[in-house]
Amino acid sequence: MINDPAQMKQEWQSDARWSDVVRPYLAEDVVRLRGSIQIEHTLARLGAERLWSLLHSESYVPALGAMTGNQAVQQIKAGLKAVYVSGWQAAADANEAGQMYPDLNLYPSDSVPKLAARLNQALVRADQINHEQGKNHIHWFAPLVADGDTGFGGTLNSFELMKAMIEAGVACVHFEDQSSSAKKCGHLGGKVLVPTKEAVQRLVAARLAADVMGVPTLIMARTDAESAGLLTSDADPYDHAFMTGARNEEGLFVIRQGLESAVARALAYAPYADLVWCETSTPDLEDARKFAEAVLAHYPNKMLAYNCSPSFNWRKHLDESTIAKFQNELGAMGYKFQFVTLAGFHALNLSMFDLARGYKEQGMAAYSRLQEKEFGRERDFGYEAVKHQRFVGTGYFDAVQQTIVGGMGSTLALRGSTEAEQFTTEVSTTDRPPAAPTATQRGNGKANGKGNGHAKPVPANALSDTGSLDSKAPEPSARPTAERVSHSA
């Protein structure tokens with residue numbers, strides 16, 4: 001992390017990462033606001049670097065909204081490379097108030113950072129489980145792209161929210177130009193915009209927070225101007241071209257909504273953001289093309305984002321062939337990040353409804369069909385959650401326990417479990433009882449000269465099936481912990 005203002009300024013000027021980013025503050029400001037020590041935010045930094053690389057190497061990066069850690073794990077196991085963290089989904093069923101809310105700015109402002117932290121913790125555990133088994137072919141630390149909403153207030157709120165996102169390990173955060181007090185989901189009515197300069201200040205606050213934290217977090221600017229017809233203030237001359245001269249009963253200014261207004265706002269935000277997103281009312285390739293061409297004509301290197309929203313009735317607007325090519329065409333236009341915001345919500349609800357309906361009508365036959373479907377996905381695609389004990393880390397913590405007790409554990413959780421008996425055909429080393437101690441270990445009650453010398457544990461495989469001592473138990477030539485512990489199925 002650079003702490004010298006001159007070096008920081010030089011990096012901003014010479015590094016391609018910052019070639020299209022405007023900072024209306026000085027490197028000296030960043031250093032002055034950092035404090036005397038720097039805390040490393042590894043997941044956020046690695047995620048930001050990976051996302052930047054993916055956006056520049058893939059035709060586009062697809063992502064689905066995840067509501068739980070297990071949903072994030074399944075997404076990455078299935079082959080996706082990024083995860084979306086939706087504020088709408090946090091409001092609906094994953095917020096710190098423990099309530100079910102619509103997306104009306106009702107949920108606590110720390111909900112999305114805490115949801116992101118839970119997703120990252122699940123991905124960390126998946127990596128630990130697989131690494132302990134010697135499986136390192138999946139990059140579990142997928143970058144998280146998270147919803148910063150309206151910043152939940154003014155510029156200081158945006159600054160603090162961005163810091164919380166980075167502490168949670170988020171790679172990219174998007175901020176929108178709606179009023180915090182009147183915030184609506186992008187596909188609801190009654191949306192109210194803040195002046196353009198106020199929205200720009202949110203982006204500047206977020207960038208300053210990332211710089212102070214020393215992380216190259218990506219910032220996405222979202223405009224809702226395509227379908228928002230109200231404005232809080234006429235203070236910014238930039239907005240005057242779209243004002244009608246009318247005010248409503250609440251004193252809000254009535255403005256012309258539409259693609260032209262969205263383009264104007266996107267052009268104002270582009271210098272301060274890494275990606276630009278226009279929230280749209282329908283999945284329209286022609287509108288997407290017009291928006292992209294207008295923005296890229298002024299900022300040819302700017303990346304765009306597109307919400308493939310579940311709020312759209314896709315088959316009502318597009319035929320099957322158009323839907324099939326929709327994302328590839330968007331990618332060719334410059335929409336480098338494409339995401340289904342509420343995928344977790346819809347997948348969770350439909351799958352549970354179908355199971356519950358079948359269970360009500362057919363009992364365990366319905367659940368058995370789900371299980372057989374899991375077996376098929378395991379066989380054909382490597383799905384792992386059918387062995388739910390292993391999936392959440394039972395074998396990993398058995399390995400931790402074996403390490404602590406020097407390979408002499410007799411209370412391992414997977415050994416003798418119903419999962420090991422009914423879902424596994426191959427016997428793994430953790431499912432086997434630990435080997436008997438060597439003569440040296442038997443003589444002093446210590447493992448390799450270590451231990452407290454008080455207890456002389458009876459190894460599990462020195463017991464017969466009836467529980468009596470077996471004098472013919474084999475003696476190993478090496479300590480059990482020297483062997484790779486396998487939890488493969």
Side-chain angles (χ1 to χ4, degrees), residues 51 55 60-69 71-72 74-76 78 80-95 100-107 111-113 115-116 118-119 142-152 161 165 170-178 183-189 191 218-224 226-228 262 273 275-284 287-288 291 303-314 317-318 323 326-327 330-331 335-351:
L51 181 60
L55 291 169
Y60 66 92
V61 178
L64 299 173
M67 292 185 70
T68 72
Q71 284 191 333
Q74 296 298 351
Q75 290 176 16
I76 304 311
L80 295 181
K81 297 179 180 179
V83 177
Y84 180 66
V85 191
S86 162
W88 193 104
Q89 291 190 154
D93 200 19
N95 64 75
M100 183 168 72
Y101 284 132
D103 189 12
L104 300 176
N105 223 32
L106 293 168
Y107 61 93
S111 295
V112 172
L115 173 57
R118 291 197 293 276
L119 303 188
L144 305 187
V145 178
D147 188 351
D149 216 294
T150 61
F152 287 85
L161 179 60
M165 293 287 198
V170 169
C172 174
V173 185
H174 66 76
F175 293 87
E176 63 200 58
D177 53 8
Q178 288 192 56
K183 148 77 184 179
K184 306 289 193 303
C185 164
H187 297 107
L188 292 174
K191 292 191 292 184
L218 283 74
I219 295 173
M220 187 188 302
R222 166 179 148 179
T223 179
D224 283 81
E226 192 265 348
S227 58
L275 300 100
V276 178
W277 163 18
C278 172
E279 185 72 296
T280 62
S281 301
T282 58
D284 190 309
D287 279 353
F291 179 82
M303 296 178 290
L304 307 175
Y306 197 93
N307 176 12
C308 299
S309 175
S311 293
F312 304 153
N313 186 332
W314 285 82
H317 291 284
L318 305 173
I323 294 173
F326 192 85
Q327 290 188 280
L330 286 178
Y335 291 90
K336 303 293 288 184
F337 185 72
Q338 301 178 37
F339 51 114
V340 183
T341 48
L342 316 182
F345 174 87
H346 287 279
L348 183 154
N349 280 283
L350 180 59
S351 62

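Note that these values count all heavy atoms, side chains included, but never hydrogens, waters or copies made by symmetry.
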(request) Measure the CD-CH2 distance between Glu176 and Trp277 for me, rounded to the nearest 0.5 Å. (result) 7.0 Å
(message) For Val145, run the side-chain contact (heavy atoms from CB on, under 4.5 Å) check against Val170, Val85, Leu275, Leu51 and tell me which one passes.
(response) Leu51
(request) Find out whether Phe339 and Asn307 are in side-chain contact, i.e. whether some heavy atom of one side chain is under 4.5 Å from a heavy atom of the other. (result) yes
(message) Looking at every non-hydrogen atom in both residues, tell me the closest pair between Tyr101 and Asn95 and how far apart they are.
(response) CD1-ND2, 4.0 Å
(message) Using 0.5 Å steps for rounding, measure from the CD1 atom of Ile219 to the CE atom of Met165.
(response) 11.5 Å
(message) Give me the atom names and distance for the closest heavy-atom approach of Ala94 to Arg118.
(response) O-NH2, 3.7 Å
(request) Enter the distance from Phe312:CZ to His317:NE2 here, rounded to the nearest 0.5 Å. (result) 8.0 Å
(request) Please report the shortest heavy-atom distance between Leu144 and Ala116, naming the atom on each side. (result) CD1-O, 3.5 Å
(request) Any chance you could lay out the side chain to side chain contact (heavy atoms under 4.5 Å, CB included) test for Phe326 and Leu318, step after step, and finish with the verdict? (result) CA-CA 9 Å; Phe326 192 85; Leu318 305 173; 3.7 Å; yes
(request) Would you name the heavy atoms of Phe175 and Leu161 that are closest together and state the gap between them? (result) CE2-CD2, 4.2 Å
(request) Check whether any side-chain heavy atom of Cys308 sits under 4.5 Å from a side-chain heavy atom of Trp314, and report yes or no. (result) yes
(request) Take Thr223 and Asp177 through the side-chain hydrogen bond (donor to acceptor under 3.5 Å, both in side chains) test and state the conclusion after the steps. (result) CA-CA 6 Å; Thr223 179; Asp177 53 8; 2.8 Å; yes
(message) Are Val173 and Val112 packed together at the side-chain level, in the sense that at least one heavy-atom pair is separated by less than 4.5 angstrom?
(response) no
(request) Looking only at non-hydrogen atoms, find the nearest pair between Lys191 and Ser227 and report the distance. (result) NZ-OG, 2.7 Å
(request) Apply side-chain hydrogen bond (donor to acceptor under 3.5 Å, both in side chains) to the pair Ser281 and Glu226, showing each step before the final yes or no. (result) CA-CA 8 Å; Ser281 301; Glu226 192 265 348; 3.0 Å; yes
(request) Using modelled atom types only, decide if a donor and an acceptor are shared between the side chain of Gln178 and the backbone of Asp224 within a distance under 3.5 Å. (result) no
(request) Can you label the angle between the Phe337 ring and the Tyr84 ring as parallel, tilted or perpendicular, going by 30° and 60°? (result) tilted
(request) Drop me the distance from Gln89's CD to Thr341's OG1, to the nearest 0.5 angstrom. (result) 7.0 Å
(message) Measuring from atom CG of Leu342 to atom SG of Cys185, what distance do you get when rounded to the nearest 0.5 angstrom?
(response) 7.0 Å
(request) Kindly compute the distance separating OH (Tyr107) from CZ (Phe152), expressed to the nearest 0.5 Å. (result) 3.5 Å
(message) With a 4.5 Å cut-off on side-chain heavy atoms, are Leu55 and Leu218 touching?
(response) yes
(request) Compare every heavy atom of Thr282 with every heavy atom of Tyr306, then report the nearest pair and how far apart it is. (result) OH-O, 3.6 Å
